[in-house]
Structure formats: C-alpha cells, structure tokens
2 protein chains.
Amino acid sequence: MREKITRQAILQVSEEIVNQEGYESLTLAKLAKVLKIKTPSLYNHISNLNDLRNELAVHALKQLSHQIMMSAVGKAGDVALKSIGLADIHFMSENPGLYDAMLRAPDPQNEEIEKISSEIISMLLRVLEPYHLSEEHAIHIIRGLRALSHGFNTLERRGGFNMNVPLEDSISVAFDTFIKGMITTLKK
Amino acid sequence: MREKITRQAILQVSEEIVNQEGYESLTLAKLAKVLKIKTPSLYNHISNLNDLRNELAVHALKQLSHQIMMSAVGKAGDVALKSIGLADIHFMSENPGLYDAMLRAPDPQNEEIEKISSEIISMLLRVLEPYHLSEEHAIHIIRGLRALSHGFNTLERRGGFNMNVPLEDSISVAFDTFIKGMITTLKK
DNA sequence: GTTGACAAACTAATAACATTAGTTTATATT
DNA sequence: AATATAAACTAATGTTATTAGTTTGTCAAC
C-alpha cells in the first residue's frame, strides 16, 4: 500500500514548513521532498503553488477563528475584547508562518477567506453589542482592533527594539488604551 | 557616452517597479531590461537581490521619515500625533510597493534601518513630551501608534470590506480613539 | 481470476529566475 | 600613447514552477 497523500497531509506539511522556515521557504520542491514524491506529482493534488498558498491561508484563518472564539467564551465587554486581541497576537506568535500565509494570500478576495473573515467580524459585533455603538462606529472599532493586532504582528516580526520595554506590555497597554478611548467617547 | 547607471538610478527604477507592479515583481531580469543592460551587469552595482531589497527598504524609510517630520512641523499634542499617523497611512497609500519593501526587508536589523527608525522614535518621544508620560509608557504609546498604522496598511491592501463604511473614516476614528484613551488614562 | 478504468505516481522538457566565472570594452588617468 | 579600472558582456550552473505524456498500482465489475 502506498503512503496516502491527502490534501490534509499536504496542508499539514506546508504548515510545518512555513512555521519553521518562513513563508518564502514553502516551495513545491521542498514539499515534494518531505512527502517523498517527485515535484510534478503534487499537481495531482493541487492545481498550482498559488492555489496551495490560498488554501494555506484558509487553513490558517480557520485555526485563528477557532482560537479567537475560544478565548472569548464566557467573557463580556472590555475583558472579552482584550482577550480576543491577545488571542490573535498569541496565535501569530505561535504560528508565525501561518499568520504570514493569512496576510499574504495571493487572492485575498477568495470566497472562503471572505466567509471566515465575516464570521469573525460578526462575532466581534456581538461582543460590542453591550456598548450600543452605531453600526458604523462598531465597524470602525473592529477595524481599529484588527489593525492593532496585525500591526503588532509586523512589529514583532521585525524585532530589534529596546527590550527594556517588553513588547508584551506594549500590546497590553495598547489594547487597554484603545478600549478606554472607546468607552470614554461613549460617555460624552 | 554610455548611459550612467548609478546606484540612485537603480533605486529609482526599483521603486517604480515595486510601486506599479508589486514587491514580488522586482526581479533582476526586469530591472536590467528597464536599464537596458544584461542581468549579470547589475552585479557591478549591487551585491545581490537581497542587498537591493535592503537598500530599497532604507530608501523607503528615508522618504517616510521625511514625510512624517513634515507633517508634524508646527503642530503639537493630539493634532501632531494624529497628523503623523495620517501621514504614515498616506505614504503607504501613495507608495504601496515601497511600504512593502520597508516591511519586508530581508535584514530588518540592518544598521541603517535601525538608525532611521530610532530617529523617528525620538521625534515621536518629543511630540509626547507635553503629556509627561513615563518613558516606558511613552514607548508603549509609540508602539501602539505604529501598530495602528502598519495594521491599517495591511487591511487596506487586503481590501474587500464593506465600503458603506470608508476605511478613511475608520482610520481617523481609530487614531482619535487611541489618543483619547491615552489622555483619559493620564487624568486618572 | 482476469479485465479495465482511474488515480496517482513517474520521466522528460521548458521557461524564468539568481548567481558566478571569465572576457571584452570603454573611459579616465598617468 | 599606455595602462589601469570600471562596467559592460557571454557562457554556464542550479533552483524554481509548470506542462505533456507515460507508466503503474489499486479497486470494482465481470
């Protein structure tokens, strides 16, 4: 019996490669080598490299979405918001390659990607409900939170800052600051 | 007389390529074609592709730094902070490829990159002086602002959100929210 | 059990890329 | 005018992704 090479197995190996060696290091040659087949044989399972990259992005988004949901279960308000933000950052810390795959999907308008993204957004909208923001304002806030997460991801990757001031703390303070700003604006 | 191919000319053409066709499209082959020389001749001017990418990142950072400084001249406090944030976003909007080059520098710990980065940071520290934050707190705030900028850059590139709510507005609201949060925290 | 179909492997070949080595040529300096 | 040097060139190599065409293994129907 041959070794079963499934779509799942391919994604699995791809995930390991990007997380361990970086997004750029995911080549069909390397992938084939790990799977112990010749490069062109991969085309029986994927349609091309970009296709694989998109699937990897979906794969990543699914995991991230799951982790985010988990982190918010049983929490509300500020606490839930901050939890979600930290979960996002934590995910990228543990899965740098996957996070990259998400941000660098060749086709970000891909149907499946959009679907999961909007799931995440509607969950965030629910968390924001107690604040009674206008729908438009809520969207602004959600985008701000996402921007903070993605931005810290970028900063972390580039590294090289003053380590007397740990990045962890900055992340925590930044979320607190943003959330406080949101609440203060409401009370006016 | 031959056409003069200077380091500056190479950076110039590289900049055009990345801004018009995307960061990935900067290849030595394409660069050589535009400059009307053969690919290997480029090695008389640069040491390799990664070297060029690093230089492009420096080039980008210099421009960004300049624009940011300009935007803050004659302004103070909240107004200055928001100006700087918007200038950052504006720069990336006008120079998507260059902004990418900045974020994807092969060697982010590069000496020159660090130098310009720390210049920007010390300028931001000066802008924050009137608030009398602790040095540590100021660093957190600066990182938060940078994260917001970089994050919105990422979001803008990926596009595909509800355009009933313009991204411009979200950016503005996010900066306001963050700055308000900072001030509120102080007053306690 | 043999046959036949299909999936999934293979080999061979091509085109785009970065990079190195070795050679020629043009310009500027002595 | 002679020569040194910078900067172009050609030729070659190794790594990619990708396509076409072929073989082979497995499973189901007969």
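Each chain gets a letter, A, B and so on, in the order the sequences are listed, and its residues count up from 1.
- Whole-Å rounding puts the B/R53 CZ to C/dC17 P distance at 12 Å.
- Distance from the side chain of B/K38 is smallest to D/dT10 among C/dC17, D/dT10, D/dA8.
- Nearest to the side chain of A/P40, among C/dA9, D/dA20, D/dA17, sits D/dA20.
- Rounded to an integer number of Å, the gap from B/D51 CG to C/dA18 C1' is 14 Å.
- Judged purely by distance below 3.5 Å, without hydrogens or angles, the side chains of B/T184 and A/K180 never pair a donor atom with an acceptor atom.
- One atom, CG of B/L28, and another, P of C/dT20, lie 11 Å apart when rounded to the nearest Å.
- Spacing between atom CG of A/L35 and atom P of C/dA8 amounts to 14 Å, rounded to whole angstrom units.
- B/Y43 has a side-chain polar atom (N or O) that falls below the 4.0 Å cut-off from OP1 or OP2 of C/dT19.
- Rounding to whole angstrom units, CD of residue B/E24 and P of C/dA18 are separated by 12 Å.
- For the pair A/L42 CG and C/dT11 P, the interatomic distance rounds to 14 Å; values are reported in whole Å.
- In this model, the phosphate group of C/dA9 is approached by a side-chain N or O of A/H45 to a distance below 4.0 Å at OP1 or OP2.
- In this structure, CG of B/N44 is placed 14 Å from C1' of D/dT10, rounded to the nearest angstrom.
- Under a cut-off of 6.0 angstrom, the local environment of CD in A/E168 is sparse, with at most 12 non-hydrogen atoms contributed by other residues, nucleotides or ligands.
- Side-chain N/O atoms of B/Q12 and B/Q8 include no donor and acceptor closer than 3.5 Å.
- Checking the phosphate oxygens (OP1, OP2) of D/dA7, no side-chain nitrogen or oxygen of B/S41 falls inside 4.0 Å.
- Atom P of nucleotide C/dA18 and atom CG of B/L49 are separated by 6 Å, given to the nearest angstrom.
- Side-chain polar atoms of B/E94 and B/Q63 form no donor-acceptor pair below 3.5 angstrom.
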